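For reference, the structure I am asking about is given below.
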Amino acid sequence: MTNKIILTGGGSAGHVTVNLALLPKLQQDGFEVIYIGSEEGIERELIVKCAGVRYYAIKTGKLRRYFDWKNFKDPFNVLTGAYQAYEIIRKERPRVIFSKGGFVSVPVVIGGWLNRTPIIIHESDVTPGLANRIAIPFATKVCTTFQETSEHLPPTKAQYVGAVVREELARGSATAGLTFLGFSRNKPTILAMGGSLGSKRINEVIHATLHTLLKSYQVIHICGKGQVDPSLNRPGYRQFEYVTKELPDLLAVASLVISRAGANAIFEFLSLQKPMVLIPLPKSSSRGDQIINAKSFQERGYCEVIPDEELSAERLLQVVNHVYEQRLHYIEKMQLARIQDPLQTMIHLIETTARRE
Ligand SMILES: CC(=O)N[C@H]1[C@@H](OP(=O)(O)OP(=O)(O)OC[C@H]2O[C@@H](n3ccc(=O)[nH]c3=O)[C@H](O)[C@@H]2O)O[C@H](CO)[C@@H](O)[C@@H]1O
């Protein structure tokens with residue numbers, strides 16, 4: 001009997017993070033892990049670094065809310081991807097498929113369903129994303145990060161597991177981070193990031209406030225691919241496109257974060273008790289999931305929220321100063337949060353859902 005599992009998910013790091021945390025646990029548990037992702041997505045870069053995982057690239061298409069000529073070609077790519085995934089799954093005969101969402105997961109779920117393979121889906125946001133909404137009818141179970149997500153799911157499929165936070169993030173060292181950054185111990189540090197792909201809007205506002213921010217703080221700025229502007233380099237300010245192995249140390253240095261409200265990132269900040277200024281992605285460029293994520297955190301007292309439409313240099317400065325001055329108040333609230341470790345629950349669910357031959 002094979003003991004294979006297929007993982008899928010991609011498009012942005014948010015759709016790979018849970019898989020990255022789950023992967024070593026599955027391997028310890030005796031599963032052979034196979035990943036199906038896209039040809040060019042961030043998942044390929046992140047997964048091929050993982051030992052013992054075979055990666056299959058398939059074609060995929062994006063389902064856009066706006067006009068693009070690619071909208072005519074992409075349905076064919078999804079069909080080709082579903083055929084490719086069907087063939088891979090037929091050949092590999094996994095016991096189960098675990099899908100984290102993102103567009104590449106749609107053809108994999110269809111290919112898995114055609115092979116009658118049990119499918120588990122994971123949803124990080126309060127409301128399911130489009131790819132997961134398409135996939136849910138084909139799934140056996142849907143794991144959720146937020147308890148309230150079950151309201152949007154068939155009751156027999158919903159399974160609340162909690163937030164997955166990569167273990168290594170808690171092992172950062174502030175001393176190593178300060179040395180790496182060349183920062184001083186005497187000034188507080190802000191970590192600003194615009195989600196895993198970066199945010200032009202947040203970058204512009206950080207640049208506009210930089211001069212004033214640097215009078216009181218040091219700033220780590222994760223800008224996104226191709227967005228680093230070397231002309232802005234100065235003492236106390238470091239820019240990165242994307243950070244992998246140094247992220248735990250950089251988080252250990254940060255006293256406060258400015259961020260979009262992607263579900264994985266905000267639970268990571270919560271688990272590390274970092275007071276947050278969240279600027280959720282607006283409805284004009286998303287389904288509004290981050291607005292709901294941020295509201296849920298604000299109601300619990302973990303953060304302040306600046307709606308994207310109200311974002312300006314002045315507003316950002318005012319809110320950052322407020323959150324920094326009141327940081328102990330936010331930390332106290334975050335200390336009360338109950339963050340359970342969902343990995344064991346998920347492994348158990350995978351074991352009990354997987355096909356037995
Ligand atoms: C534009 C978009 O569709 N965003 C969605 C995407 O966000 P996005 O891909 O930004 O995902 P998240 O904010 O949830 O997670 C980002 C992940 O990338 C990691 N990271 C980030 C920067 C970096 O330099 N290094 C690094 O490792 C973070 O630690 C985190 O684990 O998925 C989230 C989870 O479904 C959704 O809530 C977001 O709405």
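Whatever order the structure lists them in is the order used to number ligands and atoms, beginning at 1. Owing to the predicted nature of the structure, the values given are computational and were not obtained by experimental measurement.
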Arg166 heavy atoms within 4.0 Å reach ligand 1 at atoms 19 (C), 27 (O), 28 (C), 29 (O), 31 (O)
Could you tell me, atom by atom, which parts of ligand 1 come under 4.0 Å of a heavy atom of Asn293?
37 (O)
Polar contacts were defined as any N/O atom of the residue lying under 3.5 Å from an N/O atom of the ligand; does this apply to Leu169 and ligand 1?
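Looking only at distances, the answer is no, because the N/O contact criterion of under 3.5 Å is not met.
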Between Asn132 and His122, is there a donor-acceptor pair closer than 3.5 Å when you use the side chain of the first and the backbone of the second?
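The answer is yes, because a donor-acceptor pair under 3.5 Å joins these two groups.
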Any idea which atoms of ligand 1 are less than 4.0 Å away from a heavy-atom of Thr17?
17 (C), 30 (C), 31 (O)
Please state which protein non-hydrogen atom is closest to atom 24 (O) of ligand 1 and give its distance, to 0.1 Å?
Val243 N, 2.7 Å
Cationic N near anionic O, under 4.0 Å, Lys295 to Glu299:
yes
Using the six-membered ring of Phe180, assess whether NZ or CZ of Arg238 lies under 6.0 Å from its centre and within 45 degrees of the ring axis.
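Output yes; distance and angle both within limits.
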Determine, using ring centers only, whether Phe267 and Phe297 are less than 6.0 Å apart.
yes
How far is atom 29 (O) of ligand 1 from its nearest protein heavy atom, and which residue and atom name does that atom have?
Glu268 OE1, 2.5 Å
Option of least heavy-atom distance to atom 22 (C) of ligand 1 (set: Phe240, Tyr242, Phe267, Phe269)
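It is Tyr242 that holds the nearest heavy atom.
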May I ask you to decide whether Glu32 forms a salt bridge with Arg95, counting only side-chain N to carboxylate O separations under 4.0 Å?
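Salt bridge flag = no for Arg95 with Glu32.
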Is the shortest heavy-atom distance from the side chain of Leu26 to the side chain of Leu7 under 4.5 Å?
yes
What atoms in ligand 1 come closer than 4.0 Å to a heavy atom of Ala265?
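Reading through ligand 1 atom by atom, the close ones are 12 (P), 13 (O), 14 (O), 15 (O).
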At less than 4.0 angstrom from any non-hydrogen atom of Gln290, what atoms of ligand 1 do you find?
4 (N), 38 (C), 39 (O)
Test item, Ser286 contacting ligand 1 (heavy atom, 4.0 angstrom)
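Flag not set, Ser286 not near ligand 1.
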Examine Ala261 against ligand 1 and note whether any of their N/O atoms are separated by less than 3.5 Å.
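Not met; the criterion fails.
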Hey, which atoms in ligand 1 end up nearer than 4.0 Å to a heavy atom of Met193?
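Result: 21 (C), 22 (C).
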Does the gap between the ring centers of Tyr217 and Tyr324 come in under 6.0 Å?
yes
Which segment of Asp125 sits under 4.0 Å of ligand 1 when only heavy atoms are counted:
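The answer is the side chain of Asp125.
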Short question: side chain of Asn321, backbone of Leu317 - any donor-acceptor pair under 3.5 Å?
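Checked: pair present.
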Could you tell me whether Ser12 and ligand 1 have an N or O pair separated by under 3.5 Å?
yes
Counting only nitrogen or oxygen atoms and a 3.5 angstrom limit, does Ser124 reach ligand 1?
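Such a contact does not occur with ligand 1.
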Under the side-chain contact (heavy atoms from CB on, under 4.5 Å) test, residues paired with Thr189 that sit two or more places apart:
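Scan of Thr189 (side-chain contact (heavy atoms from CB on, under 4.5 Å), adjacent residues dropped) gives Phe183, Gln218, Ile220, Val253.
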For ligand 1, indicate whether the residue Ile266 contacts it via side chain, backbone, both or neither (heavy-atom separation under 4.0 Å).
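Within the 4.0 Å criterion, Ile266 makes no contact with ligand 1.
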Heavy atom of the protein closest to atom 18 (O) of ligand 1 (residue, atom name, distance):
Ala13 CB, 3.4 Å
Return the residue, atom name and 0.1 Å-rounded distance of the protein heavy atom closest to atom 15 (O) of ligand 1.
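Protein heavy atom with the smallest distance to atom 15 (O) of ligand 1: Asn264 CB, 3.4 Å.
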Name the closest protein heavy atom to atom 11 (O) of ligand 1, giving the residue it belongs to and the distance to 0.1 Å.
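Scanning the protein heavy atoms, the shortest distance from atom 11 (O) of ligand 1 goes to Gly14 CA, 3.1 Å.
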For Leu247, which part has a heavy atom under 4.0 Å from ligand 1: side chain, backbone, both, or neither?
side chain
Kindly write out the residues that satisfy side-chain contact (heavy atoms from CB on, under 4.5 Å) with His322, not counting sequence neighbours, or none if the list is empty.
Glu304, Gln326, Tyr330
Heavy atoms only: which of Val164, Leu281, Ile222, Leu250 is nearest to atom 1 (C) of ligand 1?
Leu281
Quick check: does any side chain N or O of Thr17 sit under 3.5 Å from a backbone N or O of Ala13, one acting as donor and the other as acceptor?
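It does hold such a pair.
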Of Thr127, Asp289, Val18, the residue with the heavy atom nearest atom 39 (O) of ligand 1 is Asp289
Would you check if Pro282 and Arg201 make a side-chain contact, meaning some heavy-atom pair closer than 4.5 Å?
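The answer is no, as the side chains (C-beta and beyond) never meet within the 4.5 Å cut-off.
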Side chains of Phe269 and Leu251: closer than 4.5 Å at any heavy-atom pair?
yes
Is it true that Arg260 lies under 4.0 Å from ligand 1, counting heavy atoms only?
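Arg260: no contact with ligand 1 (<4.0 Å).
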Taking Lys245 first and then Glu168, would you say they form a salt bridge - that is, a charged N and a carboxylate O separated by under 4.0 Å?
no
Top protein contact for atom 8 (P) of ligand 1, by heavy-atom distance
Ser196 OG, 3.4 Å
